[in-house]
Structure formats: structure tokens, C-alpha cells
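Remember, it's 1-based here, ligands and their atoms both numbered in the order they're listed.
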Amino acid sequence: MDDRVFREAMGKFATGITIITTLEDGEIHGMTANAFMSVSLDPKLVLVSIGEKARMLDKIKKTGKFAVNILSADQKEYSMYFAGQIKEKRDVEFVRINGIPIIRQALANILCTVHSKHVAGDHTLFIGEVHEIIVQEGEPLLFFEGKYREIKN
Ligand code: FAD
């Protein structure tokens with residue numbers, strides 16, 4: 001099957017956008033990801049899928065901890081920046097909770113330790129056990145057909 005057809009079909013699934021964050025040897029690393037889902041309520045588990053070329057992959061393997069930061073509609077620049085779509089270096093302000101960096105003013109910060117991991121083709125699925133959550137009010141940043149969107153009421 002053609003890669004383009006696969007991408008086009010996957011792009012029909014509207015998602016929110018997250019920044020995955022972790023701290024390795026005192027250095028914070030962030031990466032934009034929309035391959036995120038809730039997995040289980042008891043225990044509380046979530047899943048992220050990280051590509052084999054992403055620097056984030058080795059970092060989560062080493063630290064065994066990460067946060068999923070669900071972006072609000074006014075945090076599009078964060079998404080572009082942590083996907084490498086904005087090239088110039090920026091100073092991003094993080095808050096640390098129990099040694100895990102999180103993004104301020106995200107709609108939700110979900111702090112996890114790695115419960116299990118599964119290599120699936122060119123990605124690794126990390127299942128995270130959730131041990132802390134911070135939630136804020138606001139509108140979400142959305143992604144559909146390769147473009148950023150916002151909810152129109
Ligand atoms: P890099 O490419 O090295 O870093 C990303 C950017 O963040 C760089 O500009 C870097 O300078 C900056 N940065 C990182 N940490 C800091 C810091 N502490 N302070 C300042 N700047 C910092 N890929 C997946 O594997 N899974 C997905 O689910 C996924 N979903 C995506 C959804 C969207 C909408 C987009 C646009 C991209 C998605 N990607 C996904 C692709 C992924 O975001 C990029 O390939 C990303 O560049 C890979 O990150 P990396 O870990 O290799 O880090």
C-alpha cells in the first residue's frame with residue numbers, strides 16, 4: 001500500500017496535540033505527539049507512540065518517566081517548536097513536579113512512570129502508569145488533515 005494513502009487516511013482522525021516531556025541527566029527534552037490515548041482506568045494507564053528516529057525514544061527508555069501535556073488552542077507555537085517546525089532556539093519555561101518537567105497552562109499535565117513498552121514496526125508504544133494529574137479549563141488545540149484547527153462552536 002502507498003504511504004500517502006495511509007497518511008491521508010490517518011489524517012482523517014482528528015486529534016488533540018500533546019507535548020511529551022522528560023528529564024534526563026538534568027536536561028529537559030520535549031517532543032510534539034498526537035499518538036496518545038487513554039488505556040485503562042484501573043490501574044490508570046495511558047499510551048504514547050514514539051518513532052524510532054525521535055531522540056525522545058532513548059530518553060524515555062533511560063528515565064522511565066514522562067509527562068503528557070495536552071495543549072490548549074493558544075499553545076500552537078509549542079506544538080510547532082517541539083516538532084522542529086520552528087527552528088530558532090527558544091527558552092521554554094517548565095515547572096518540575098517530582099522530577100518530571102511539565103508545560104505551564106496546558107489543558108492537562110499527566111505524569112507517568114513507564115509501565116511497559118512494545119516495539120511496533122518503526123515506533124515504540126510506551127504505556128505509562130499515571131501517578132499525578134493537573135487539569136485546567138480552556139479550549140483544545142486540534143489536528144486534522146495535517147493542519148492545526150480549533151473548535152468552532
Ligand atoms: P528534536 O527534534 O531534537 O526536538 C524537537 C524540538 O524541540 C527541537 O527544536 C528542540 O530544539 C526542541 N526542544 C526539545 N527540548 C527542549 C528544551 N528543553 N528547551 C528548548 N527546546 C527544546 N512523532 C512521534 O514519534 N509520535 C507522535 O505521536 C508524533 N506526533 C506528531 C504530531 C504532530 C502534530 C507533529 C507536527 C509531529 C508529530 N511527531 C510525532 C513528530 C515529532 O514531533 C518530531 O519528529 C520531533 O522533532 C521528534 O522529536 P525528537 O525527540 O527527535 O526531538
Side-chain angles (χ1 to χ4, degrees), residues 3-40 45-130 134 138-152:
D3 287 0
R4 195 179 44 81
V5 174
F6 184 81
R7 283 173 189 271
E8 189 184 349
M10 296 307 119
K12 300 289 182 192
F13 187 58
T15 67
I17 303 223
T18 76
I19 307 294
I20 313 296
T21 45
T22 196
L23 178 73
E24 189 209 1
D25 293 337
E27 248 188 56
I28 295 174
H29 187 69
M31 186 196 106
T32 303
N34 66 345
F36 162 73
M37 65 182 281
S38 163
V39 172
S40 159
L45 303 175
V46 296
L47 180 151
V48 293
S49 174
I50 310 287
E52 64 187 1
K53 293 191 182 132
R55 292 203 301 140
M56 182 58 90
L57 181 61
D58 278 345
K59 291 180 185 289
I60 296 184
K61 279 187 193 164
K62 280 187 197 146
T63 63
K65 292 179 184 176
F66 62 93
V68 181
N69 305 270
I70 300 177
L71 296 187
S72 66
D74 56 8
Q75 291 181 319
K76 182 170 127 184
E77 285 226 338
Y78 278 159
S79 174
M80 296 178 73
Y81 183 63
F82 287 106
Q85 294 170 332
I86 294 175
K87 296 292 176 202
E88 76 266 17
K89 277 268 163 214
R90 294 197 177 169
D91 258 344
V92 177
E93 200 187 331
F94 297 91
V95 177
R96 291 188 200 189
I97 296 184
N98 297 331
I100 306 182
I102 60 164
I103 292 192
R104 287 157 59 99
Q105 306 300 328
L107 290 188
N109 308 104
I110 302 160
L111 288 85
C112 308
T113 50
V114 172
H115 168 278
S116 52
K117 60 178 194 291
H118 308 272
V119 178
D122 57 11
H123 278 58
T124 297
L125 311 178
F126 287 97
I127 296 189
E129 178 146 17
V130 179
I134 300 166
E139 295 293 314
L141 180 63
L142 303 178
F143 199 65
F144 176 63
E145 292 184 332
K147 292 194 184 104
Y148 294 104
R149 317 275 183 155
E150 288 181 29
I151 287 180
K152 286 188 189 130

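- Listed here is the closest heavy atom pair of Gly30 and Thr21: CA-CG2, 4.2 Å.
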Which pairs would a plain distance check flag for residues 109-118, meaning a side-chain donor or acceptor within less than 3.5 Å of a matching protein atom at least two apart in sequence or in another chain?
unit_1, atom_1, unit_2, atom_2, d
Asn109, ND2, Asn69, OD1, 2.7
Asn109, ND2, Ile103, O, 3.0

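- Within a 6.0 Å sphere centred on CD of Glu145, other residues, nucleotides and ligands contribute more than 12 heavy atoms.
- Within a 6.0 Å radius of CZ in Arg149, other residues, nucleotides and ligands contribute more than 12 heavy atoms.
- Looking only at distances, a side-chain donor or acceptor of Tyr81 sits under 3.5 Å from a matching main-chain atom of Arg90.
- The backbone N or O of Ala73 lies less than 3.5 Å from no partner atom in the side chain of Lys76, so there is not a single donor-acceptor pair.
- Within 4.0 Å of ligand 1, protein heavy atoms come from Ile17, Ile28, His29, Gly30, Met31, Thr32, Ala33, Asn34, Ala35, Ser49, Ile50, Gly51, Ala54, Arg55, Met56, Tyr81, Phe82, Ala83, Gln85, Lys89, Arg90, Phe94, His123, Phe143, Tyr148.
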